[in-house]
J.: 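Just passing along the structure, written as structure tokens.
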Amino acid sequence: MMQCSIQHSIDEIAAGQVPDELNMLTDVGRGIGAVIKSGFQSAAVIIAKVRMDHFNNDIAEWKHWSTETFQITIDYMKHLNRIGRMFLLLLGGQEKCCIQHYRALFTLDYDRLYAISGIASLDSADPEKNRESLLKQLLAFLSHYPVSRLKEMKREDVRDAVKVWMGETVEERKVQPALPGFDDALQSMKQLKGSDFTRLVDADKADDSLRVAMGLLGAALQVKKSAEVPDVIKLSRAKAALQAEIREIEEALARTAELSQLTIDS
């Protein structure tokens, strides 16, 4: 399977065996990109499918299998299972549009899918009882909110739309005052690459850039951490990036300490 080949390539790169050929790097990059693009969606379907077909009467063993197989937490596994049940609900539908909705939903991000999956949540007391009505509700929602529209909506607006659809109360969000020019500046910076920032920030701008960057990072992380459904993938990536920066900072501090010691000794 292609996935096995990609995993083999990932393992080799992790071990320090990085290919030199552009074609090889391109193939591996495309394979990894495909996994990133639809990885958690596929995991969600697998987790829900295994629960339904293989561990129907042993929830504890299913939880163990899921967390061990995917190396994830129980909470994240439960969220993925809810998303996966929605996908399986569509696959079990007889309407021709079900598979179309299934494939279209695969292109949505985690936050939007988790919100939408609330419409398809089965009654744990009698899973079969409401399956047909839940499918009808899900199809009706997706007809009113096609995936193309859901992609254009803000994530919190998608969550609110789902709540309204389910008859729940939507709390009014506080509108933060806009900082003149901030949105334009943010859009401009989104186009920059790492090397561009390196060229822009010199010794004179480093202090101000660090202060602003730390403020933005802290605010962004707070939003992500306090979300109703934290974006596990993006938070994990942020954690890995921060840990890498911490290691480099510690190395710089260690060099400074060594230089200070040499000065004292001399």
Side-chain angles (χ1 to χ4, degrees), residues 1-7 27 30-56 59 62 65-66 69-70 72 76-168 229 231-234:
M1 293 178 66
M2 182 191 75
Q3 178 59 36
C4 294
S5 176
I6 292 300
Q7 184 60 55
D27 289 343
R30 285 173 176 166
I32 294 174
V35 172
I36 293 173
K37 184 178 179 181
S38 59
F40 80 87
Q41 299 94 320
S42 298
V45 173
I46 292 171
I47 288 171
K49 178 73 171 176
V50 168
R51 164 74 173 87
M52 183 172 64
D53 291 354
H54 300 282
F55 294 106
N56 192 38
I59 296 178
W62 165 68
W65 178 90
S66 298
T69 300
F70 292 96
I72 54 178
Y76 187 36
M77 180 272 292
K78 290 179 180 178
H79 291 168
L80 289 178
N81 179 54
R82 193 173 100 165
I83 294 172
R85 289 205 312 263
M86 174 181 67
F87 279 121
L88 294 181
L89 187 65
L90 286 169
L91 283 182
Q94 300 301 313
E95 293 84 349
K96 293 181 180 180
C97 64
C98 285
I99 188 62
Q100 296 172 343
H101 286 308
Y102 176 94
R103 291 169 178 167
L105 284 173
F106 244 77
T107 64
L108 288 182
D109 61 89
Y110 175 82
D111 283 350
R112 290 179 173 83
L113 283 176
Y114 185 77
I116 298 166
S117 66
I119 299 173
S121 293
L122 298 175
D123 183 355
S124 59
D126 189 353
E128 296 298 329
K129 181 179 180 181
N130 297 320
R131 188 177 297 274
E132 184 176 348
S133 61
L134 288 172
L135 178 59
K136 288 182 179 179
Q137 283 294 318
L138 180 59
L139 293 178
F141 178 84
L142 293 174
S143 296
H144 189 73
Y145 292 100
V147 168
S148 58
R149 181 180 176 186
L150 291 169
K151 287 182 177 179
E152 295 176 352
M153 296 168 62
K154 294 181 179 179
R155 291 172 182 174
E156 55 266 28
D157 291 337
V158 173
R159 289 194 289 267
D160 287 349
V162 171
K163 288 181 179 180
V164 171
W165 192 269
M166 297 174 67
E168 299 177 2
V229 183
D231 190 328
V232 177
I233 295 175
K234 289 185 178 178

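Everything numeric in this text was worked out from a predicted model, so none of it was measured. For the numbers below, each heavy atom of this structure counts, side chains included, while hydrogens, waters and symmetry mates do not.
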J.: Can you tell me how far CG of L105 sits from CE of M86, rounded to the nearest 0.5 angstrom?
T.: 5.0 Å

J.: Residues two or more places apart in sequence or in another chain: which of them pass side-chain contact (heavy atoms from CB on, under 4.5 Å) with S66?
T.: I47, W62, M77

J.: Salt bridge (Lys or Arg N to Asp or Glu O under 4.0 Å) with K151: which residues, sequence neighbours excluded?
T.: none

J.: Taking all atoms of both residues into account, what is the closest heavy-atom pair of L80 and A44, and its distance?
T.: O-CB, 3.1 Å

J.: Counting only heavy atoms not in R149, do more than 12 sit closer than 6.0 Å to its CZ atom?
T.: yes

J.: Under a 4.5 Å cut-off applied to non-hydrogen side-chain atoms, are Q137 and W165 in contact?
T.: yes

J.: What is the minimum heavy-atom distance between R82 and S117, and which atoms define it?
T.: NE-OG, 2.9 Å

J.: Measuring from M52:CE to N81:CG, what's the distance to the nearest 0.5 Å?
T.: 10.5 Å

J.: Shortest non-hydrogen contact from P146 to S143?
T.: CD-O, 3.9 Å

J.: Once rounded to the nearest 0.5 Å, what's the spacing between atom CG of L142 and atom CG of L90?
T.: 7.0 Å

J.: Who are the side-chain hydrogen bond (donor to acceptor under 3.5 Å, both in side chains) partners of K49, not counting sequence neighbours?
T.: D53

J.: Rounded at 0.5 Å granularity, tell me how far CG in L91 sits from OH in Y102.
T.: 4.5 Å

J.: Are F106 and F40 an aromatic pair by the rule of ring centers under 6.0 Å?
T.: no

J.: Atom CG in L139, atom CG in L134: separation rounded to 0.5 Å?
T.: 11.0 Å

J.: Looking at A48 and G84, what are the two nearest heavy atoms and their distance?
T.: CB-C, 3.5 Å

J.: To check you understand the geometry: which heavy-atom pair defines the closest contact between L150 and Y145, and what is its length?
T.: CD1-O, 3.4 Å

J.: Do Y110 and K234 have side-chain heavy atoms sitting under 4.5 Å apart?
T.: no

J.: Whether the side chain of R159 engages the backbone of D111 through a donor-acceptor N/O pair (distance < 3.5 Å, no angle test) should be reported.
T.: no

J.: Should D109 and Y114 count as side-chain neighbours, where that means a heavy-atom distance under 4.5 Å?
T.: no

J.: Restricting to non-hydrogen atoms, name the atom on A161 and the atom on M153 that form the minimum distance, rounded to 0.1 Å.
T.: CB-CE, 4.1 Å

J.: Could you go step by step and tell me if L135 and E95 meet the side chain to side chain contact (heavy atoms under 4.5 Å, CB included) rule?
T.: CA-CA 10 Å; L135 178 59; E95 293 84 349; 4.0 Å; yes

J.: Roughly how far, to the nearest 0.5 Å, is CD1 of I83 from CD of Q41?
T.: 8.0 Å

